[in-house]
Amino acid sequence: MKILVAVKRVIDANIRVRVKPDHSGVETANVKMAMNPFCEIAVEEALRIQQAGDAEEVILFSAGPQKCQETIRTGLAMGADRGLHVLTDERLEPLAIAKMIAAAAEQQGADLIILGKQSIDDDHNQTGQIVAALMRRALGSYISEIKKVAGGFAITREIDAGLEKLRITSPAVVTTDLRLNEPRYASLPNIMKAKKKPIDELSVADLGVDIGCRTEILSVVEPPARQAGVMVSDAGELVDKLKNQAKVI
Amino acid sequence: MNFAITEAQQMLVDTAKRFVAEELYPYEPEVEKTDALPERLRRQIIARAKEVGLYAANMPAELGGGGLDTLSMCLLDRELGRANMALQYTVGRPSNILLACVEAQREKYLYPCIRGEKVDCIAMSEPGAGSDVRSMACTATAKDDDFVINGNKHFISHADIADFVILFAATGVEQSARGARKKITAFLIDKATQGFNVRAGYASVSHRGYHNCILEFDRCKVSSAQVLGEVHQGFAVANQWLGNTRLQVAAICLGRCDRAYELACEYAATRKQFNQTIGKFQGVAFKLADMALKRRAAELLTYQAAWQEDHGGMSDMEAAMAKLAASEALAFIADEALQIHGGMGLMADLPLERIWRDARVERIWEGSSEIQRLIISRAILRPLENR
């Protein structure tokens, strides 16, 4: 079995994000970037499946500018075997990314595609679902557990009502939730080994997909500053304010 | 000039940063409060450091170490330097001088240190021999095929947890251009050796949980097979392998600068007095500017010296400048960060008071600031003399 894991380069989770003065997006120049935390969980799970003897190869995929190779390299330093990088400077929507992942998975013959459930920058939570639809594959979203079984995978999904246990057929697409695992450290020996692992660079044309945007960014703004709260003297005053001032009840 | 670090070095920094935050920080309050590092915790940190490959990262890869070059070691030490000394030291960095071991000694001392099974310590200082280390009174007298050692050592860091000591002792006197001077030999001495006693050292303002010890040698007999390097060549061995310890101090100082500086910036940007954040007052803002300036200067001097060491060798002056700049930057930054925090900076709830206390020794050990200035000024004047 081959596993394809998509890894996205995002602003480091510890960095305070700032909006560009012209409101065209957020500032990324001279800002520390890192692998999306949900993608790290996806890489970790792929490596665990491989270590359990259920997969021969773990391939990492990323699309975007040249620097995305650093993110792939981080995953290789965790232990993945090789990388695929689609070099493009275009703005990429979930649909475009999903088309590229689907095409790459097809080319590589990946039986299992693991993605983070969402990225911490755009928060779309769409890509995994679109990949499954495009490829007409079984989908397991927000998984907190996965195990290889005959003909497919036994998964546990975190849903509002609790935990849902399902069996899905292979080939499949799954997206990872926060509690699936605790990603490993990129160990020093693996960092050294990662230098020699191959990253194949592809163009969008190599995958033969249309990545044109269907949406347009009009403006990116900071969330409004929180207003100071007021102290109410009793429950009656609270209900009155909720009803007449905030008009929420 | 390109001062950018490589992709692999950045990954090492990321791993080290996470290691420090997850494996060391949580135990700092306990170690600071109790002045002790429990053996169970020490074993746990060693095991985790080995898993991640950070243990013995300074040792050659072909011997089972991490095989890091000097610059990469500085990057690692900088991250480790953010944490309490006892915890940071446990991540494991066998003394480079052990690479002078001959094969039989390697089996017994070097390899177990790389594997995290044994810990070494270095014994040089004496009550009467500090900066003037060659004036040491501890002697090793040749007798048949043995040496008999007599004398005391003090300020010996972590000798309490070490399994053996790398001892420097006087083995005779020789004439030099500047008069008579002692000949020094290095020895590997096991803790259990008869006539060798380790006792608790002085109570110190710095480094809770990481202790200095006093070593006593009374007719302690060791075989000549325990000599490290050649007889009378102790300083040659030390000079060959211990040069990097000044960079190590510089890098650790940088890590402590980072932590104090980050806390100070955060506080200056959020703490409000007189209806505005205190960073808006020039008195605080200029402190931050000076802290940033000194930190950056120390960083560049340290990295440049390390880079030089990896590309043909650094000079004594380069090592001295890095150590001097980084230890003095730390003294300044720790003090100013504390000042920006006001009274809160003195409270044990923040790591600042600890960084401030611990900072003091950095201008003293591994060559005091005065010795570093001596080295630098001699290097300046040497080419101008005897014309």
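Keep in mind the model is a prediction, meaning the values are calculated, not measured. A, B, ... follow the sequence lines: proteins, then strands. Residue 1 opens every chain.
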- [ ] Let me know if B/Glu51 has heavy atoms under 4.5 Å from chain A in its side chain, its backbone, both or neither.
- [x] backbone
In terms of heavy-atom contacts, does [atom1] of [X] have more than 12 from other residues, nucleotides or ligands at under 6.0 Å?
X: B/Phe274; atom1: CZ; value: no
X: B/Arg43; atom1: CZ; value: yes
X: B/Phe286; atom1: CZ; value: no
X: A/Lys20; atom1: NZ; value: yes
X: B/Arg296; atom1: CZ; value: no

Task: Shortest non-hydrogen contact between B/Gly53 and A/Pro189, atoms and distance - done: CA-CD, 3.9 Å
Task: Main-chain N/O of A/Ser187 paired with B/Thr15 side-chain donor or acceptor, under 3.5 Å - done: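 Side chain of B/Thr15 to backbone of A/Ser187, a donor-acceptor pair under 3.5 Å: no, none is there.
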- [ ] Flag the one option from B/Glu22, B/Glu7, B/Arg18, B/Met11 with the top tally of heavy-atom pairs under 4.5 Å to chain A.
- [x]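 Looking at each of B/Glu22, B/Glu7, B/Arg18, B/Met11 in turn, B/Arg18 comes out on top.
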Task: Gap between atom NZ of A/Lys32 and atom CG of B/Asp14 - 0.5 Å precision - done: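 Taking CG in B/Asp14 and NZ in A/Lys32, the distance rounds to 3.5 Å.
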Open item on the list: Checking B/Leu68 against A/Leu188 for the side-chain contact (heavy atoms from CB on, under 4.5 Å) test, could you report, in this order, the C-alpha distance in whole Å, the side-chain angles of both residues, the deciding distance, and whether it holds?
Closed with: CA-CA 9 Å; B/Leu68 290 186; A/Leu188 181 51; 3.6 Å; yes
